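Bear in mind that the values here come from a model prediction, so they are computed numbers and not experimental data.
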Protein chains: 2
Amino acid sequence: MKIGELAKRSGQTQSRIRFYERIGLLKLVDRRSNGYRTYPPEALVVLNLIDTAQSAGFTLDEIRQMVPSDLDEWKHDGLLDALRAKVAEIAALEAKLKNSKAQIKRLIAEIEAKPDDMDCKDNARRIMANMLVETTR
Amino acid sequence: MKIGELAKRSGQTQSRIRFYERIGLLKLVDRRSNGYRTYPPEALVVLNLIDTAQSAGFTLDEIRQMVPSDLDEWKHDGLLDALRAKVAEIAALEAKLKNSKAQIKRLIAEIEAKPDDMDCKDNARRIMANMLVETTR
DNA sequence: CTTGACCCTAAACTTAGCTTAAAGGTTATG
DNA sequence: CATAACCTTTAAGCTAAGTTTAGGGTCAAG
């Protein structure tokens, strides 16, 4: 498919897709004789992977380490290894998210745990005092 | 405390602390007659809050909405809403990742249980087709 | 054979979130 | 009273992750 279609189907801009190619993140691309880029359907998979990893807080640099440059490599010897690696990568993503979520939930709990007889002002001060102890300990 | 101590105790650089002040994120600061900044202990809490929120994926702009200048007027409900929204967002991502991981694991099992009557190339094609369906669905 | 919807490149621009540099004032210590 | 270790400001610089712009080619339809 051409870049316009890939953009539409992936929900990403053409400039972004070209940018990913420029920085060596998306290598699944060929050229027609007229210079037009042409993508295999797998490019959609890779773009999706990048997107997911990014929204989980990985930088493009980190993602470049994780995403195999050439899906063709998957077609030969190390396919199982690649898949297992992918599972490990996903586990890493999950760990990162879990961490983030835990932090946020801790904050929420801290804020919600106000006794009813305490107004917002006092509550804020209590949380502050509490966190001060935590963070300076 | 002066900025050097705050920097040491918060683990952040002085330039960063000054930067936060410049963009209106850290207003808990006074000046001595000599021009030196002086901070109350609560500043440490605020810096910690900023740090936590940031590592949870909030931008400084979002954080400024949540943590207003005056701690006594903490926008309690806005903060809670923002935090809950973030948790939901993370949960969605986690679900997506969990799904992907399960699919890949299934594929691994499939490949491992594969009799040798199918050559590597065909097997690979089948797998890619499988992932393509997963990710575009 | 022209018009509009595509595609191309290179380079400049943007935003967020800082850091570094330059040039100087303040203060504690021997 | 020198000197090191603090503090100040303003302005420029940097990295990441793209977007925008300028100036063109390509292609299908009428």
Side-chain angles (χ1 to χ4, degrees), chain A residues 1-41 43-44 46-67 69 93 96 100 103, chain B residues 1-41 43-44 46-67 69 82 86 89 93:
Chain A
M1 79 188 84
K2 282 182 290 179
I3 196 168
E5 191 187 344
L6 182 61
K8 231 168 229 167
R9 291 178 61 179
S10 68
Q12 307 195 9
T13 62
Q14 300 189 12
S15 67
R16 194 167 169 182
I17 294 171
R18 292 198 195 97
F19 170 72
Y20 286 162
E21 178 183 345
R22 214 162 62 235
I23 66 170
L25 202 47
L26 179 59
K27 291 174 177 157
L28 279 180
V29 55
D30 269 325
R31 295 297 183 128
R32 296 194 190 158
S33 48
N34 60 10
Y36 286 17
R37 288 171 180 81
T38 189
Y39 299 91
L44 212 44
V46 171
L47 283 182
N48 195 277
L49 256 170
I50 293 172
D51 205 47
T52 300
Q54 240 186 328
S55 51
F58 282 88
T59 66
L60 295 186
D61 245 34
E62 289 171 323
I63 295 171
R64 191 170 23 223
Q65 313 301 310
M66 302 173 0
V67 176
S69 52
L93 287 176
K96 199 158 188 165
S100 291
Q103 296 221 55
Chain B
M1 80 187 86
K2 283 181 290 179
I3 197 170
E5 191 186 344
L6 182 62
K8 230 169 229 165
R9 291 177 63 181
S10 68
Q12 307 195 9
T13 62
Q14 301 188 11
S15 66
R16 196 166 167 183
I17 294 171
R18 293 200 194 94
F19 170 72
Y20 285 164
E21 179 183 344
R22 212 163 61 237
I23 65 170
L25 202 47
L26 179 59
K27 290 174 177 158
L28 279 180
V29 55
D30 270 326
R31 294 297 182 129
R32 295 192 191 160
S33 48
N34 60 10
Y36 285 18
R37 287 170 180 82
T38 190
Y39 300 91
L44 209 45
V46 172
L47 283 182
N48 194 275
L49 251 173
I50 294 173
D51 207 47
T52 301
Q54 247 189 318
S55 57
F58 288 94
T59 67
L60 295 187
D61 246 32
E62 289 170 323
I63 295 170
R64 190 171 23 225
Q65 311 304 309
M66 295 167 14
V67 182
S69 44
K86 203 74 196 178
E89 199 178 296
L93 260 177

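Arg31(B) places its CZ atom 17 Å from the P atom of dG25(C), with the value rounded to the nearest Å. The OH atom of Tyr20(A) sits 4 Å away from the P atom of dG18(D) (whole-angstrom rounding). Note: CD1 (Ile3(B)) to P (dT26(C)) measures 17 Å, nearest angstrom. Put simply, CZ on Arg18(A) is 12 Å from C1' on dT19(D), counting in whole angstrom units. Note: CD1 (Ile17(A)) to C1' (dT20(D)) measures 17 Å, nearest angstrom. In this structure, Phe19(A) places its CZ atom 6 Å from P of dG18(D), rounding to the nearest Å. As rounded to whole Å, 15 Å separates atom P of dC6(C) from atom CG of Leu6(A). Protein atom CD of Gln14(B) is 11 Å distant from nucleotide atom C1' of dA5(D), rounded to whole Å.
Across all strands, Arg32(A) comes closer than 4.0 Å to no nucleic acid atom at all (heavy-atom distances). Counting any heavy atom pair closer than 4.0 Å across all strands shown, Ile23(A) reaches no nucleic acid atom.
Closest to the side chain of Ser15(B), out of dT20(C), dC18(C), dT19(D), is dT20(C). With dT19(D), dT19(C), dG17(C) as the candidates, the nucleotide lying closest to the side chain of Thr13(A) is dT19(D). Side-chain proximity of Thr59(B) to dC18(C), dG17(C), dC7(C): nearest is dG17(C).
Applying the 3.5 Å distance criterion, the base of dG25(D) shares a donor-acceptor pair with the side chain of Tyr36(A).
Although no hydrogens or angles enter the test, the distance criterion places a donor-acceptor pair under 3.5 Å between the side chain of Arg64(B) and the main chain of Ile23(B). With hydrogens and angles ignored, the 3.5 Å screen pairs a side-chain donor or acceptor of Glu62(A) with a backbone N or O of Thr59(A).
Across the interface with DNA chain C, nearest-nucleotide mapping of Lys8(A) and Glu21(A) shows Lys8(A) to be the residue nearer the 5′ end. Each of Arg22(A) and Asn34(A) lies near DNA chain D, and the nucleotide nearest Arg22(A) is the one positioned closer to the 5' end.
Within the structure, every pair that satisfies the side-chain hydrogen bond (donor to acceptor under 3.5 Å, both in side chains) test and touches residues 10-25 of chain B, not counting sequence neighbours, is listed here: Thr13(B)-Ser15(B), Gln14(B)-Arg18(B), Arg16(B)-Tyr20(B), Tyr20(B)-Gln54(B), Glu21(B)-Arg37(B).
Contact annotation: Arg37(A) reaches the phosphate of dC8(C) (side-chain N/O to OP1 or OP2, under 4.0 Å).
The heavy-atom pair separating Leu26(A) from Val46(A) by the smallest distance is CD1-CG1, 3.8 Å.
Considering CZ of Phe19(B) and CG of Leu25(B), their distance stands at 8.5 Å, rounded to 0.5 Å.
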